[in-house]
Trainee: 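Below you'll find the structure I mean.
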Number of protein chains: 2
Amino acid sequence: MAISSASTTHVASTAEEEAYAYLQQALRFGRYKPGDRLIPEEIATEIGMSRMPVREAFRRLAADGLVTLRPNRGCVVAGLTLDELNETFEIRSVLEGLAVRIVMPRLTLESFEDLDRLLLRMERAGEAGSSDWVLRHQEFHAYLYGMSGRPKLIRQIAALHVAIEPYMRIWFDYIDKPLSAREEHQNLIDALKSGDSAKAERVMQEHVLFTAPLLADFASPSRR
Amino acid sequence: MAISSASTTHVASTAEEEAYAYLQQALRFGRYKPGDRLIPEEIATEIGMSRMPVREAFRRLAADGLVTLRPNRGCVVAGLTLDELNETFEIRSVLEGLAVRIVMPRLTLESFEDLDRLLLRMERAGEAGSSDWVLRHQEFHAYLYGMSGRPKLIRQIAALHVAIEPYMRIWFDYIDKPLSAREEHQNLIDALKSGDSAKAERVMQEHVLFTAPLLADFASPSRR
DNA sequence: GTTTGGATAAGTGGATACAAAAATCCAGCG
DNA sequence: CGCTGGATTTTTGTATCCACTTATCCAAAC
């Protein structure tokens, strides 16, 4: 089979890439809290470079929606308010629905074996803790969308997953073990197997929207 | 009424913003051709600043998908291949469909008057040339989506519009006057008036996908 | 006539320096 | 006791400089 690891370990050929990778990782794992101010100087010395590449990494993170950049007042970690969280799930639902619709006719028997395996991995990771489970969950979805052959779509979806990742972690830690997750994803696989792409799209949309209200309690307070 | 101008004229409080605005404008209007290399030094002197803010503007443009940034080999204008153009329209169709679904229950009689006015403006601009028409067309769509109250969705859609803008221009110049455009948009308004949000969503999806094949001839050659 | 290699030029990435802006602190005032 | 305003400190934005990578050009070899 051909399940590549979904973990985003990039070899940094430039300092900027290193800074970006470092900060993205830190943000994804919730090492900084929303509203925290990121001071270029500090981070630069932390990873042994000057402020410049860090600044440029900030811009990329801002484009991903992970931080907010305001002229002359630096870089703050961008938590999602309840509205933004909901909006993100709305967007995810249509994008991932589209991905499923596209991917459907491309799925082979082998793909389904892969998906089963990934689902199994996800379940097992569920017992370990949020850190593993969230990654495996992303891996499952990433594999599916990867088959679509739509690079832009894939990147957009991945970016949204990264943005909500900290909230997924908190959520998972809080509820301990999402019993419904297994069933949810099995449903999805069944819909894919049915061959009815309209149905699969709908099921995926519902699957995505299913999670949103569960995370509501962990949203950041609205700003300003 | 409350139709704000859709033109993206930003007051640049920093040099970086100025560089970004300048370059985005230039790229949107097709002043550079896909594949062209953008040299920080040149642009910097062109608008009277050093390379640094220009470099940072590059990153933002890259996030918008307007340029491509490769380590140690600079910044090139990122034309869309046929596949990418199609993909962009696919994504647009679901995002703008979603926007319409959300916006539907918020539309008032006044909104419809505004939309009629905007449609009229668009038609009149059609006689002037692609430059005006494309802006008015964006204005029409922007107004509609603006009512959704979904900032992220609005930004994403706007970004996609910007990315395809040069192609819309070329297309419009080529065919001179899109007779079907009026009918298309009137259709859309009718669907919105019907109050059936599922229908409106579908009509919007079709409206977006309708344009894609028309632009196919103007796609950039695939790279590499 | 085309290919190869290497000198030279051009360009990029990053560090440092400096000016301008914002945040902080503190004293005096109400 | 809180507020105001100004000096001080911190941080940001930009310019400049240097090291290193990549591109260009030209001559010699096949």
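A note on names: the letters A, B, ... follow the listed sequences, proteins ahead of strands, and every chain is numbered from 1.
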Trainee: Take atom CZ of A:Phe58 and atom C1' of C:dG14, then tell me their distance rounded to the nearest Å.
Mentor: 16 Å
Trainee: With a 4.0 Å cut-off on heavy atoms, is B:Glu56 in touch with a base, just the backbone sugar-phosphate, or nothing at all?
Mentor: nothing
Trainee: Indicate yes or no: does B:Glu16 engage B:Arg55 in a salt bridge with an N to O separation below 4.0 Å.
Mentor: no
Trainee: Nearest 0.5 Å, please: how far is CD in A:Glu165 from CG in A:Leu160?
Mentor: 12.5 Å
Trainee: Take atom CG of A:Asn72 and atom C1' of C:dA20, then tell me their distance rounded to the nearest Å.
Mentor: 8 Å
Trainee: Specify the residue among A:Cys75 and A:Met52 whose closest nucleotide of DNA chain D lies further upstream toward the 5′ end.
Mentor: A:Cys75
Trainee: Assign B:Glu41 to base, sugar-phosphate, or nothing according to its heavy-atom contacts below 4.0 angstrom with the strands shown.
Mentor: nothing
Trainee: Which whole-number value in Å describes the distance from A:Arg73 CZ to D:dG13 C1'?
Mentor: 14 Å
Trainee: Do A:Lys152 and B:Glu84 sit within salt-bridge range, that is, some charged N less than 4.0 Å from a carboxylate O?
Mentor: no
Trainee: Got a donor-acceptor pair under 3.5 Å from the side chain of B:Arg55 to the base of C:dG14?
Mentor: yes
Trainee: Take the protein atom OH of A:Tyr20 and the nucleotide atom C1' of C:dG14, then report the distance between them rounded to whole Å.
Mentor: 20 Å
Trainee: Given C:dA10, is OP1 or OP2 found less than 4.0 Å from the side-chain N or O atoms of B:Arg51?
Mentor: no
Trainee: Please determine if B:Arg121 forms a cation-pi arrangement with B:Phe140, meaning its NZ or CZ atom is less than 6.0 Å from the six-membered ring centre and no more than 45° off the ring axis.
Mentor: no
Trainee: Both B:Arg37 and B:Gly48 contact DNA chain D. Taking the nearest nucleotide for each, which residue is further toward the 5' end?
Mentor: B:Gly48
Trainee: Take A:His185 and A:His137 through the side-chain hydrogen bond (donor to acceptor under 3.5 Å, both in side chains) test and state the conclusion after the steps.
Mentor: CA-CA 10 Å; A:His185 288 84; A:His137 179 246; 3.0 Å; yes
Trainee: In whole Å, what is the span from the CD1 atom of B:Ile43 to the C1' atom of C:dT12?
Mentor: 14 Å
Trainee: I need the CE-C1' distance between B:Met49 and D:dG13, as an integer number of Å.
Mentor: 12 Å
Trainee: Can you measure B:Glu17 atom CD to D:dG13 atom P for me and round it to whole angstrom units?
Mentor: 10 Å
Trainee: Whole-Å distance between D:dT12 P and A:Arg59 CZ?
Mentor: 12 Å
Trainee: Return the 5'-most residue of the pair A:Thr14, B:Ile39 with respect to DNA chain C, ranking by each residue's nearest nucleotide.
Mentor: B:Ile39
